[in-house]
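The next block holds one structure in the form of structure tokens; read it before the comments.
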Amino acid sequence: MPEALQVHAIDGVAVALRPLAAGAIVQVGSTSVTLKDDIGQGHKFAVQPHAVGDAVVKYGLPIGRATRAIVAGEHVHTHNLATALQGEVAYAPPASNGVAASPAASGPQWLGYRRADGRAATRNEIWILPTVGCVGLTAEQIARAAEVRHAALIADGRIDGILAFAHPHGCSQLGDDLGGTRALLAGLAANPNAAGVLLLGLGCESNQMADLLAAIPEAARTKVRTLSSQGAGDELAEAAVLVDDLVAQAATAQREPLPFGALTVGLKCGGSDGFSGLTANPLLGRFSEALAAAGGTPVLTEIPEIFGAEHALLDRAVDTATFEAGAALVNNFKRYYLDQGLPVSENPSPGNIAGGITTLEEKSAGAVQKAGTAPLCAVLAYGDQAVGPGLALLEAPGNDAVSSTALTAAGATLVLFTTGRGTPLGFPAPTVKVASNRTLAQTKPHWIDFDASRVLDEGRDAADSAFLDTLLAIASGRKTAAERAGQRAIAIWKKGVTL
């Protein structure tokens with residue numbers, strides 16, 4: 001493994017692949033650089049001088065401006081580099097009329113469930129979704145009891161689990177805020193991985209059952225049962241009957257060979273470090289390109305974490321309408337920040353900074369690599385369903401739980417989650433944790449499903465092949481680390497006032 005990596009030929013910085021000491025002479029391409037400072041793993045050092053105000057370039061994109069003169073070999077971080085992001089941008093579409101979507105290509109098969117609406121599932125589960133936080137604990141109680149009753153079916157693999165997803169919302173909400181909760185829950189109910197769904201209500205909540213049912217796509221309603229706790233006698237007994245009926249129906253489903261392009265996959269990063277944009281995110285990008293080319297659907301979100309790198313996505317829009325929808329989504333999210341009196345650059349997190357990421361532009365330039373170079377085919381509002389092939393851009397914030405839940409509600413049956421710092425949490429769709437560095441993969445094997453640092457030793461082709469094998473095995477039923485640990489949760493984006 002080399003000591004440092006310059007990602008793009010025009011970059012003014014390189015990244016240390018291991019801790020480097022001041023005074024070391026480091027070869028970066030054809031240039032030898034004498035380090036002026038100690039450089040931590042994942043951190044940047046200059047490979048050319050920068051004057052005050054100069055753009056600092058990484059990934060071939062500007063990641064901020066020098067706040068003081070920087071000499072070659074000097075550590076580049078928060079002490080001498082700052083964001084150049086401000087507010088909304090007047091985006092101009094590229095000169096061409098759009099990027100053509102890739103024609104469908106063949107790909108490997110996997111074993112999944114083909115649902116009645118034609119969509120493909122990676123899991124065969126029963127989900128209990130409370131309409132309101134007041135019955136969240138009741139939902140969990142119902143799920144635990146049902147798993148005991150149906151332990152034999154779960155052990156035999158006839159069903160993959162019975163899960164409740166509690167949340168604190170659904171009442172004391174108004175307008176668009178209530179609408180977002182309803183749309184999110186409706187999307188979860190429609191996810192193909194849920195072979196059957198029990199919507200558990202209280203009765204008096206703002207998120208009324210009839211309105212929630214109406215928000216669920218019609219093709220998915222046949223698998224949904226409802227129960228109002230206030231209207232029931234013994235709600236636990238009545239829920240058990242409904243769940244048992246759903247289990248009996250789900251247990252008849254069988255896995256069958258399905259095409260690669262039947263997958264809908266969410267793309268997410270969290271706890272990023274200086275390696276995330278070098279190993280893990282590009283690995284997802286190459287996978288996303290292959291999936292989109294096969295007619296599948298990669299879904300990218302975390303809109304605030306593409307600020308500063310959005311042109312890399314928007315310029316790949318397949319038509320003007322998609323470009324304009326994407327540009328409006330980015331600007332509307334910036335306005336969301338500005339209306340709260342907050343800067344649009346209120347990122348990266350303390351953990352990101354410790355890992356070597358300095359500015360939001362740098363974080364964004366690394367994050368958008370999860371989509372590779374796939375053409376942008378659709379722009380989705382929060383709670384919307386991804387219905388066509390090709391890359392989709394989904395409205396949701398950067399928060400891990402909120403955005404991963406939104407990806408599941410959009411129809412993702414796998415969520416690919418890259419991380420340099422690590423996190424144990426998983427979400428309704430099987431959440432594949434991809435480590436950006438070897439240290440994390442080795443110290444947290446109970447969190448991590450794949451070590452993307454393999455690309456530095458084994459090369460892209462070998463790492464890509466191993467990653468694809470891992471994903472196809474998980475899609476075909478192998479449990480992720482988060483599933484084995486029982487780490488499954490949802491979070492809903494709360495934007496409005498609470499009554």
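Start at 1 with the first residue, then count along the sequence. Scope of the values below: all heavy atoms of this structure, side chains included, with no hydrogens, waters or symmetry mates.
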Which value, rounded to the nearest 0.5 Å, describes the distance between [X] atom [atom1] and [Y] atom [atom2]?
X	Y	atom1	atom2	result
Asp469	Ile474	CG	CD1	11.0 Å
Ser364	Ile63	OG	CD1	11.0 Å
Thr431	Leu407	OG1	CG	9.5 Å
Ile128	Leu163	CD1	CG	8.5 Å
Asp319	Glu324	CG	CD	9.0 Å
Ser229	Ile142	OG	CD1	6.5 Å

Can you find a heavy atom in the side chain of [X] that is under 4.5 Å from one in the side chain of [Y]?
X	Y	result
Pro192	Tyr113	no
Leu198	Ile126	no
Asn207	Leu185	yes
Leu213	Val224	yes
Arg488	Phe427	no
Thr122	Leu263	yes
Asn124	Arg115	yes
Leu313	Leu391	yes

Would you find a donor on one side and an acceptor on the other, under 3.5 Å apart, between the side chain of [X] and the backbone of [Y]?
X	Y	value
Gln230	Cys204	yes
Thr279	Ser276	no
Ser476	Leu111	yes
Arg114	Gly118	yes
Asp384	Ala381	yes
Asn399	Val402	yes
Lys370	Ala367	yes
His167	Pro130	yes
Thr297	Gly388	yes
Thr423	Thr419	no

- [ ] Name all residues meeting the side-chain contact (heavy atoms from CB on, under 4.5 Å) criterion together with Pro445; count only those two or more places apart in sequence or in a different chain, and write none if there are none.
- [x] none
Open item on the list: Can you tell me how the ring of Phe333 sits relative to the ring of Tyr337, calling it parallel under 30°, perpendicular over 60° and tilted otherwise?
Closed with: tilted
Is the shortest distance from a Lys or Arg side-chain nitrogen in [X] or [Y] to a carboxylate oxygen in the other one below 4.0 Å?
X	Y	value
Lys363	Glu302	no
Asp160	Arg255	yes
Arg119	Asp117	yes
Arg225	Asp245	yes
Lys268	Glu305	no

What do you reckon, is [atom1] of [X] surrounded by more than 12 foreign heavy atoms closer than 6.0 Å?
X	atom1	result
Glu88	CD	yes
Glu256	CD	yes
Leu137	CG	no

Open item on the list: Using the rule given for side chain to side chain donor-acceptor pair (under 3.5 Å), can you reason through Gln173 versus Thr181, listing the C-alpha separation, both sets of side-chain angles and the distance that settles it, and then say yes or no?
Closed with: CA-CA 9 Å; Gln173 291 180 277; Thr181 294; 3.0 Å; yes
Is it true that [Y] and [X] share a donor-acceptor pair across their side chains at a distance under 3.5 Å?
X	Y	answer
Thr418	Asn281	yes
Arg421	Asn437	no
Glu361	Thr83	yes
Asp273	Ser436	yes

Open item on the list: Tell me whether the NZ or CZ atom of Lys433 lies within the 45° cone about the ring axis of Phe450 and under 6.0 Å from its centre.
Closed with: no
TODO: Please lay out, stage by stage, how Lys334 and Glu310 fare under the test salt bridge (Lys or Arg N to Asp or Glu O under 4.0 Å).
DONE: CA-CA 12 Å; Lys334 289 181 177 179; Glu310 60 267 35; 3.3 Å; yes
Task: Stepwise side chain to side chain contact (heavy atoms under 4.5 Å, CB included) check, Val415 with Val265 - done: CA-CA 6 Å; Val415 172; Val265 175; over 6 Å; no
Open item on the list: Go through it in stages, so that I can follow the logic: the residues are Thr301 and Leu393, the test is side chain to side chain contact (heavy atoms under 4.5 Å, CB included), and I'd like the CA-CA distance, side-chain angles, deciding distance and then a yes or no.
Closed with: CA-CA 6 Å; Thr301 187; Leu393 182 62; over 6 Å; no
Open item on the list: Is it the case that the ring center of Phe260 lies less than 6.0 angstrom away from the ring center of Trp110?
Closed with: no
Task: Pair Asp177-Lys494, salt bridge (Lys or Arg N to Asp or Glu O under 4.0 Å): steps then yes or no - done: CA-CA 6 Å; Asp177 191 38; Lys494 180 76 173 68; 2.8 Å; yes
Open item on the list: Once ring pair (Phe, Tyr, Trp, His ring centres under 6.0 Å) is applied, do any residues pair with Phe417, and if so which ones, sequence neighbours excluded?
Closed with: none
